[in-house]
Every structure is written in structure tokens, then in C-alpha cells.
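Values below: every heavy atom of this structure, side chains too, minus hydrogens, waters and symmetry copies.
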Amino acid sequence: MRKSNAAWIGFTPKDEFFWENLEELANLGFKAYEPGEAFFSKDSETETDENIKRLWDLNLKALTVSVNRDDLSDEALSDVINKAHKINVDRATIWCGWVNSRMWDQIPQYDDYMKELERYETAGSKLNKEGIKLTYHNHSQEYTEVFKGVQAYNYMLSNTENVHFLLDVCWAHIGGANPVEVMRRIGDRLTCIHLKDYVPGYPMADIDPGRPRPTFTAVGTGVVDIKGVMKCAMEMELPYISIEQDQMRNLDCMSALNLSYLYLKEIDCVN
């Protein structure tokens with residue numbers, strides 16, 4: 001059993017304090033940042049190279065690049081592969097899928113979902129040949145949507161081999177799942193977790209009927225079993241966990257991120 005390295009996603013906007021914040025977090029003990037697109041310039045290859053070097057000079061690394069689920073063409077995947085190799089990552093992440101379509105006022109259908117899983121599997125196979133794992137990030141709907149009596153997440157687990165998983169433990173909990181049980185069920189296809197916490201609030205009638213609308217909060221100050229999740233992460237020897245908070249509660253971004261990291265440090269589960 002070994003401790004994980006701490007990463008983060010979000011929190012640090014691309015403003016004049018971006019690099020200052022990265023340096024502060026690296027000095028605190030963070031090891032990585034996601035996603036890698038933050039360091040790619042649309043206008044200058046030289047600027048991209050300088051950004052990546054600056055990231056590495058801080059002893060930080062990127063964990064993943066992003067994949068557009070609506071464009072899994074060879075051309076689009078070639079761009080993903082090039083970016084992944086340039087910033088030296090071995091993951092490419094789909095951040096949401098068709099099963100989350102209630103967020104766009106659409107009802108997910110079984111046939112559409114199964115076709116999407118086929119596209120993911122094909123794309124995952126192509127990326128795998130380049131040493132890159134296609135990784136899927138969940139929300140709550142993967143657990144609340146049921147097709148033919150089977151939970152949507154179970155379809156993804158059983159109908160793919162070349163799709164790996166970035167488990168957002170907060171959204172899994174909101175969807176009624178036990179994050180630790182999900183982690184164990186995913187097994188060696190689990191690449192990382194998004195460690196996030198929340199306080200239940202009003203019903204999410206527009207997204208998930210009967211589910212709580214979360215008030216996101218710093219890790220360790222909400223209802224997610226963070227200690228249990230991190231114990232499992234260490235048992236599975238996950239190299240990285242990534243702290244996330246979709247919206248701030250009482251603290252500003254850097255304070256919430258510092259508090260979250262220090263909580264994990266205090267319970268002795270991150271390097």
C-alpha cells in the first residue's frame with residue numbers, strides 16, 4: 001500500500017496569477033495538474049514549448065489531455081495523440097457522454113448509448129496502440145440512468161475493454177453509488193480519481209429527479225467518505241488523485257485547494 005500524489009483540476013484560472021499559483025501549489029506538495037490543454041497556445045508553438053518547460057521546471061506534470069466525444073475521427077485522434085506525446089501524458093479523457101444528456105434537456109436512449117460505447121471502444125483501441133489510455137469521466141447520470149434494468153455505468157464496464165475510468169467520487173455518491181465499491185469494481189482500469197466533496201441541497205429535478213443538488217465544498221468537509229476512498233486508492237496504489245471543486249462554497253479557490261490538500265496530508269494518504 002502506498003500514498004498517492006496529489007494533483008488538481010480547475011481552481012486556478014488562466015489569469016495574471018496563474019503561474020504564481022502553480023508555484024505556490026508545487027511548493028505546498030502538489031505534483032500534477034489537469035488538463036494539459038492549459039499549456040497549449042493557439043497562436044504559438046514556441047509559447048506552448050515555453051509553457052510546458054515552465055510547468056516541468058516547477059516539478060509539476062500534466063495528467064491528461066482532452067477528447068471531444070463528438071469527434072472521434074482519425075484526424076481528431078491524431079491531434080489528441082500529438083498533444084499527449086508533446087506534454088508527455090499517457091491518458092486522454094472524455095469529460096462527459098451521451099448518458100449525461102439530461103443536462104442538455106435531452107433524454108438518453110439505449111441505442112444511442114450503445115453506439116457511443118462502440119465509438120469509445122474503437123477510439124480507445126487506436127489510442128492504446130500509441131501508449132495512451134482513453135479515459136472516461138463520470139457524472140451522476142451513469143448511476144441513475146437505467147436501460148433494460150441495467151445501470152448505464154455497468155454497460156460501459158462490460159461492453160468495453162479499451163476504455164479506462166477517471167472516477168469522480170462526488171458525482172458517483174450523488175448518483176447513489178458507493179465510490180469505494182465502484183473503485184473496486186473498476187479494478188485495474190481505474191486510472192485516477194477526482195476527489196471532490198459536497199453538502200446535499202435542493203432536488204436536482206432538471207437533471208436527476210430525486211437526487212440532491214450539491215453544494216460543493218472543500219475535500220473532507222462534506223458527506224463523501226474521503227477517508228474510505230483514499231484508503232482504497234492507496235490499496236490500489238493509484239499514482240495520482242486529483243482534487244476538484246466545481247463551485248466554491250465559503251472559501252476562495254486557493255484557500256479551498258490548500259485546505260483540501262492539507263486535510264489529505266493530515267490523514268496521511270498523499271505524498
Legend entry - Output field: ring centroids Y33/Y240 closer than 6.0 Å: no
Inset, instruction - Determine whether E244 and D246 make a side-chain contact, defined as any pair of heavy atoms from C-beta on separated by less than 4.5 Å. - result: yes
Inset, instruction - Please work out which of the three classes, parallel, tilted or perpendicular, describes the rings of F30 and W8, given edges at 30° and 60°. - result: perpendicular
Inset, instruction - For the pair R189 (side chain) and L157 (backbone), establish whether a donor and an acceptor sit closer than 3.5 Å, ignoring hydrogens and angles. - result: yes
Legend entry - E266 atom CD: more than 12 heavy-atom contacts under 6.0 Å: no
Inset, instruction - Step through the shown structure and confirm whether more than 12 heavy atoms of other residues, nucleotides or ligands are within 6.0 Å of NZ on K14. - result: yes
Legend entry - Minimum side-chain heavy-atom gap L117-M156 below 4.5 Å: yes
Legend entry - Side-chain donor-acceptor pair present, N258, S255, cut-off under 3.5 Å: no
Inset, instruction - Mark yes or no for whether N162, through its side chain, and G124, through its backbone, hold a donor-acceptor pair below 3.5 Å. - result: no
Inset, instruction - Considering non-hydrogen atoms only, spot the tightest contact between P108 and V99 and give its length. - result: CG-O, 3.9 Å
Inset, instruction - For the pair E235 and K231, find out whether any cationic side-chain nitrogen is under 4.0 Å from an anionic carboxylate oxygen. - result: yes
Legend entry - Pair Y153 and Y143, ring centroids less than 6.0 Å apart: yes
Legend entry - Ion pair K196/D168, N-O distance below 4.0 Å: yes
Inset, instruction - Name the orientation class of the two ring planes belonging to W171 and H139 (parallel below 30°, tilted from 30 to 60°, perpendicular beyond 60°). - result: tilted
Legend entry - Single-linkage hydrophobic cluster, 4.5 Å side-chain cutoff, F216 and I9 together: no
Inset, instruction - Say whether, by atom type as modelled, one donor and one acceptor occur between the side chain of N100 and the main chain of G97 under 3.5 angstrom. - result: yes
Legend entry - Pair Y120-E116, side-chain donor/acceptor within less than 3.5 Å: yes
Legend entry - In one Ile/Leu/Val/Met/Phe/Trp/Tyr side-chain cluster, 4.5 Å: F11, L259: no
Inset, instruction - Say whether, by atom type as modelled, one donor and one acceptor occur between the side chain of T93 and the main chain of R91 under 3.5 angstrom. - result: no
Inset, instruction - Decide side-chain contact (heavy atoms from CB on, under 4.5 Å) for W95 and R69; before the verdict, give the C-alpha distance in whole Å, the side-chain angles of both, and the deciding distance to 0.1 Å. - result: CA-CA 8 Å; W95 298 106; R69 71 177 182 88; over 6 Å; no
Inset, instruction - Please confirm whether the backbone N or O of A92 pairs with a side-chain atom of K133, one donor and one acceptor, at under 3.5 Å? - result: no
Legend entry - Side-chain ion pair, K86 and E45, N-O less than 4.0 Å: yes
Inset, instruction - Look at the rings of Y155 and F147 and say which category their plane angle falls in: under 30° parallel, 30 to 60° tilted, over 60° perpendicular. - result: tilted
Inset, instruction - Check the side chains of Q245 and D197 for a donor-acceptor pair under 3.5 angstrom, ignoring hydrogens and angles. - result: no
Inset, instruction - Take E142 and Q151, measure what side-chain contact (heavy atoms from CB on, under 4.5 Å) needs, and give me the verdict at the end. - result: CA-CA 7 Å; E142 283 79 6; Q151 191 181 61; over 6 Å; no
Inset, instruction - Would you kindly say whether T144 and S140 are connected by a side-chain donor-acceptor distance under 3.5 Å? - result: no
Inset, instruction - Is it possible for you to say whether Y261 and V219 belong to one hydrophobic cluster, with membership spreading through side-chain heavy-atom contacts below 4.5 Å? - result: yes
Legend entry - Carboxylate-amine/guanidinium contact E145 R102, below 4.0 Å: yes
Legend entry - Minimum-distance pair of heavy atoms, taken over all atoms of V224 and C170: CG2-CA, 4.2 Å
Legend entry - Closest non-hydrogen atom pair, G131 against D90: O-CB, 3.7 Å
Legend entry - Under 3.5 Å donor-acceptor, S101 side chain and W104 backbone: no
Legend entry - Separation between CD1 of I226 and SG of C269, rounded to the nearest 0.5 Å: 9.0 Å
Legend entry - Short side-chain to backbone donor-acceptor contact, T48 and S41, under 3.5 Å: yes
Inset, instruction - Can you measure from CG (D70) to CD1 (I94) and round to the nearest 0.5 angstrom? - result: 9.5 Å
Inset, instruction - For side-chain contact (heavy atoms from CB on, under 4.5 Å), just list the numbers for N5 and V270, CA-CA rounded to whole Å, side-chain angles, deciding distance to a tenth of an Å, and then say yes or no. - result: CA-CA 6 Å; N5 294 307; V270 292; over 6 Å; no
Legend entry - Test item: side-chain donor near acceptor, T221 and R249, under 3.5 Å: no
Inset, instruction - Could you tell me whether the side chains of E34 and H194 share a donor-acceptor contact shorter than 3.5 Å? - result: yes
Inset, instruction - Evaluate the side-chain proximity of L195 to V169: yes if any heavy-atom separation is below 4.5 Å, no if none is. - result: yes
Legend entry - Close side-chain approach of T217 and L251, heavy atoms under 4.5 Å: no
Residues 55-63 side chain polar contacts: donor-acceptor under 3.5 Å, at least two apart:
residue, atom, partner, partner atom, Å
D57, OD2, K53, NZ, 2.8

Inset, instruction - Verify the ring-centre separation between H137 and F165: is it less than 6.0 angstrom? - result: no
Inset, instruction - Please examine the side chains of E130 and I132, heavy atoms only from C-beta on, and report whether any two atoms are closer than 4.5 Å. - result: yes
Inset, instruction - Quick one: closest heavy-atom pair of M183 and L167, and the distance? - result: CG-CD2, 3.4 Å
Legend entry - Close side-chain approach of L262 to L28, heavy-atom, < 4.5 Å: yes
Legend entry - Quiz item: cation-pi between K83 and F40, 6.0 Å / 45°: yes
Legend entry - Whether S158 side chain and N154 backbone form a donor-acceptor pair below 3.5 Å: yes
Inset, instruction - May I ask you to test the L134-K126 pair for a side-chain heavy-atom distance under 4.5 Å? - result: no
Inset, instruction - For M248 and A256, work out which heavy atoms get closest and say how close. - result: SD-CB, 4.0 Å
Legend entry - Transitive ILVMFWY side-chain link V182 to L166, under 4.5 Å: no
Legend entry - ILVMFWY network linking V180 to M234, side-chain heavy atoms under 4.5 angstrom: no
Inset, instruction - Taking the side chain as every heavy atom from C-beta outward, state whether I243 and L264 have any atom pair closer than 4.5 Å. - result: yes
Legend entry - Heavy-atom pair with the smallest gap, counting every atom of P200 and Y198: N-CD1, 3.8 Å
Inset, instruction - Take K115 and W98, measure what side-chain contact (heavy atoms from CB on, under 4.5 Å) needs, and give me the verdict at the end. - result: CA-CA 10 Å; K115 289 177 182 177; W98 176 245; over 6 Å; no
Legend entry - Parallel, tilted or perpendicular, as decided by the 30° and 60° cut-offs, for the rings of F39 and W19: tilted
